[in-house]
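Each chain gets a letter, A, B and so on, in the order the sequences are listed, and its residues count up from 1.
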Protein chains: 2
Amino acid sequence: MRKHPISLKTLAQALNVSMSTVSRALKNHPDIGPEITKKVQQLAQELQYSPNPLAMGLLKNKTRIIGVIVPDLVTYFFSSIISGIESVAEENGYYIVIRSSYESYEKEKECLENLLKLRVEGIIMCLSQETTDYTHFDHLIEEDMPLVFFDRVCRTTEVDTVVVDNQVAACHITEHFVERGYRRIAHIAGPAQLNITRERIQGYKDGLANTGLHFQDALLVHCDMSIDSATAATRQLLALPQPPNAIFGVNDTTAFAAMKEIKRQGLRIPTDVALVGFSDEFHATVVEPTLTSIMHPSFEIGQEAAHLFLKQMHTKIKMPAQQVILQTHLVIRDSTIAT
Amino acid sequence: MRKHPISLKTLAQALNVSMSTVSRALKNHPDIGPEITKKVQQLAQELQYSPNPLAMGLLKNKTRIIGVIVPDLVTYFFSSIISGIESVAEENGYYIVIRSSYESYEKEKECLENLLKLRVEGIIMCLSQETTDYTHFDHLIEEDMPLVFFDRVCRTTEVDTVVVDNQVAACHITEHFVERGYRRIAHIAGPAQLNITRERIQGYKDGLANTGLHFQDALLVHCDMSIDSATAATRQLLALPQPPNAIFGVNDTTAFAAMKEIKRQGLRIPTDVALVGFSDEFHATVVEPTLTSIMHPSFEIGQEAAHLFLKQMHTKIKMPAQQVILQTHLVIRDSTIAT
DNA sequence: AAGGTTTGCGCAAACCTTTGCGGAACTATT
DNA sequence: AATAGTTCCGCAAAGGTTTGCGCAAACCTT
């Protein structure tokens, strides 16, 4: 097996000085004479010395590790957020350890405990779909451990959060449908307990109200954001006595599933049914017809979350919880252009 | 700020015994009497004691952290591999720290050094596109640090690797085109230095040879796997005096880009040009026409890589390098069904 | 009862780094 | 020449855990 990496002791013994002298020489402490300082730095350079972060961590009780928990590692949305977090972390000398909750409340709790055992300095996370009880964050909040939620959030008065303007965006979508002449507008929403679901539903209703349309229960269906569930929801909508001629999916995956089902039933998009997604993946431009969608700044969400995190790290006193709301905008493509 | 978590010392003082006794009691050491053992374990449970991994790491020179370097965090392929690695790591009590090389050789070296500074126990990685010099792995190999490459690999006689049967798969694709009646078969390949590029080109040539077709230089173009580059490659192929009627893209992203460009030029798929991708993302079923592609077991690649890693961790002696080759298979969809 | 064995626990070192304090050797002052 | 003041460096503790060794008390043997 590999031998021990070189430590202060190695340098100290080689130069016949004490470890404290080496430690100080490395950071140009005035107490150390110029010749020794130079010799130490030279040897350190030569031997590629780098301080052991474990020892430092033990001493300072800091690991420079940020715990990140996401419901899912594979989707474009979360992976690009992770990428955003990673880029900021890296710039600031932090490491990120990622765990997936697989959309499970139990797993989410496990991940959290697990990361705390590792002694991460704080947590950046997105709630799982199942999570309705938020008491597992009590400890973190009481002990002022840095904590940031993004996208799906809770306890916003106590915890810093990064979200997008879901309500405004959903309202725009609805209004866009109306502008294009669609009147029977349905919404395939997410799980009821999520803030993003509630906000987008509210925006959907705002849009209806603004354009003088009435909200109809039958045109609002929920899904768990999986493909199968979204397909079922679409089927349910299209089977209505008066089916919708426009569908707003809670995210792009939902919209893609809806698109497949609509086509399968022999309906044309956007002639028979118009379709809009949310979060704008690259693939929105590849499907046919190309998908009108909300441009969701995922990478920036990650960056913002990391910035909030670092700000918490660097402020000693407890600040009031901050909520960063990122702007979205609607990208209009073929799935809503009635021809 | 948060106070110190509870340590062995806390327990020892509370129970008026020594830290060594607590340490041993916690692991049911026979030297410790049953009453003390019970009391210690009870209190530890109650106070939620968990050993400080930093202290353990310092002592045993182990961190239980695996460094993972990928060229890109965002694509489906890499994120699902990461997911596979994470799942196995988690089961075995390991953590993963992820870094992105952004397809850059310099960044890749940086990431490597960086992770080594963190004292990871080893590395699981995929080479960047730019990497042609492999000497930055000398240290790791000499010191027998666990190392696993996946997908894009090098130094296969020294390092464990996980790959798919690229050559066989590419051969199948070509033969499939021929079966469907296509004769002018082009290949948009990846960067020349990558093993996956070489292997897929070889398989492409095998397929041509097996079916009595001649390889033509003009029908083989390279791209850097970016959308723009793949679009340019497609344009180049379609501009040939005798353009291809079948295109095999080195991965799905390339195929999607090709698909967009083919449509843009008013050509029909698969009537005018047939198309096949490689790695089968979910979106292959959403695009129109649905994309024939090679089913790439990404999640399993990650799991296999992690298993190889753990095997290295647990064997003291140096074993000969192992190469795991995962099977793929062709999923036939509409982009190659001539109607 | 005296010897030996077992049982049960604590001391201290080791892993690596930082840092307050003490101390030796030197220079400068009176 | 003696005292005060610098300069430069080492000691030791702290952070948390494991573990070889030592040591005391209790047990068992004859």
Side-chain angles (χ1 to χ4, degrees), chain A residues 1-41 43-44 47-65 93 116-121 143, chain B residues 1-41 43-44 47-65 93 116-121 143:
Chain A
M1 289 302 284
R2 62 195 173 285
K3 49 215 167 264
H4 289 300
I6 59 123
S7 69
L8 280 190
K9 187 187 280 185
T10 324
L11 298 180
Q13 287 173 345
L15 294 171
N16 230 359
V17 293
S18 77
M19 288 165 45
S20 20
T21 302
V22 176
S23 173
R24 283 189 254 255
L26 251 23
K27 24 179 79 61
N28 289 313
H29 194 287
D31 267 12
I32 307 300
E35 327 81 48
I36 293 200
T37 299
K38 195 180 164 193
K39 275 202 301 183
V40 167
Q41 293 187 352
L43 188 66
L47 265 53
Q48 298 249 59
Y49 167 77
S50 90
N52 188 323
L54 293 170
M56 287 291 299
L58 196 54
L59 195 67
K60 303 269 170 88
N61 211 26
K62 304 236 154 130
T63 51
R64 301 198 78 77
I65 297 179
L116 292 179
K117 276 192 190 167
L118 180 63
R119 306 297 202 266
V120 296
E121 292 195 29
E143 299 192 3
Chain B
M1 290 301 283
R2 64 195 170 284
K3 47 210 169 273
H4 290 297
I6 60 125
S7 68
L8 281 189
K9 189 186 279 184
T10 323
L11 298 180
Q13 287 173 344
L15 295 169
N16 231 1
V17 292
S18 75
M19 286 166 48
S20 20
T21 300
V22 176
S23 173
R24 283 188 253 256
L26 250 23
K27 25 181 76 64
N28 288 312
H29 194 287
D31 266 11
I32 307 300
E35 327 80 49
I36 293 200
T37 300
K38 194 179 162 193
K39 277 203 300 183
V40 168
Q41 295 188 350
L43 190 65
L47 264 54
Q48 299 251 58
Y49 167 78
S50 90
N52 188 322
L54 293 168
M56 287 290 301
L58 196 54
L59 194 65
K60 302 270 169 89
N61 211 25
K62 304 237 152 125
T63 50
R64 301 199 77 78
I65 296 179
L116 292 179
K117 274 191 191 168
L118 181 62
R119 305 296 200 266
V120 296
E121 293 194 29
E143 299 193 3

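Atoms CG (A:N52) and C1' (C:dT18) sit 13 Å apart, rounded to a whole Å. With rounding to whole Å, B:K62 atom NZ is found 21 Å from C:dA14 atom P. The separation between A:H29 atom NE2 and D:dT7 atom P is 13 Å, rounded to whole Å. Separating the NZ atom of A:K9 from the P atom of D:dG10 is a distance of 15 Å, rounded to the nearest angstrom. As rounded to whole Å, 15 Å separates atom C1' of C:dT18 from atom CG of A:L11. Protein atom CD1 of A:I32 is 7 Å distant from nucleotide atom P of D:dG10, rounded to whole Å.
Taking every heavy atom of residues 14-25 of chain A and every atom of DNA chain D, pairs under 4.0 Å involve A:V17, A:S18, A:S20, A:T21, A:R24, by number. Within a heavy-atom distance below 4.0 Å of DNA chain D, the residues of residues 53-60 of chain A found are A:A55, A:L58, A:L59.
Take A:R119 and apply the side-chain hydrogen bond (donor to acceptor under 3.5 Å, both in side chains) test, not counting sequence neighbours, and it matches B:S50. A:L59 is linked by a side-chain contact (heavy atoms from CB on, under 4.5 Å) to nothing, counting only residues two or more places apart in sequence or in another chain.
Across all their heavy atoms, B:L43 and B:A14 have their closest contact at CD2-CB, 3.8 Å. Closest approach of B:G57 to A:L54, counting heavy atoms only: C-CD1, 3.6 Å.
Between A:Y49 and C:dC16 there is no side-chain polar atom (N or O) within less than 4.0 angstrom of OP1 or OP2.
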Show me the donor-acceptor pairs within less than 3.5 Å that the side chains of residues 15-28 of chain A make with the rest of the protein, sequence neighbours left out.
from: A:S18; atom 1: OG; to: A:S20; atom 2: N; distance (Å): 3.4
from: A:S18; atom 1: OG; to: A:S20; atom 2: OG; distance (Å): 3.1
from: A:S18; atom 1: OG; to: A:T21; atom 2: N; distance (Å): 3.2
from: A:S18; atom 1: OG; to: A:T21; atom 2: OG1; distance (Å): 3.0
from: A:N28; atom 1: OD1; to: A:Q41; atom 2: NE2; distance (Å): 2.8

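A donor-acceptor distance shorter than 3.5 angstrom exists from the side chain of B:E121 to the backbone of B:R64, with no hydrogens or angles considered.
When the nearest nucleotides of DNA chain D are assigned to B:S50 and A:G33 by heavy-atom distance, the more 5′-ward of the two goes with A:G33. Mapped onto DNA chain C by nearest heavy atom, A:K27 and B:I36 fall at different nucleotides, with B:I36 at the one closer to the 5' end.
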- Message: Run B:T63 and B:L118 through side-chain contact (heavy atoms from CB on, under 4.5 Å) and show every step you take.
- Response: CA-CA 9 Å; B:T63 50; B:L118 181 62; over 6 Å; no
- Protein heavy-atom contacts under 4.0 Å, written 5' to 3' over nucleotides 23-28 of chain C as B (base), S (sugar-phosphate only) or - (none), form the string ------
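Residues A:L8 and A:Y49 are in side-chain contact: their nearest non-hydrogen atoms beyond the backbone lie under 4.5 Å apart. In this structure, A:I65 and B:I65 have side chains that are in contact, with non-hydrogen atoms separated by less than 4.5 Å.
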Hey, what are the protein-to-nucleotides 4-7 of chain C N/O distances that come in under 3.5 Å?
none

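If one axis is set at each end of the helix from C:dG4-D:dC27 to C:dT30-D:dA1 from five pairs, those axes are 80° apart, to 10°.
Residue pairs that meet the side-chain hydrogen bond (donor to acceptor under 3.5 Å, both in side chains) test with at least one member in residues 5-14 of chain A, sequence neighbours left out, are A:S7-A:T10.
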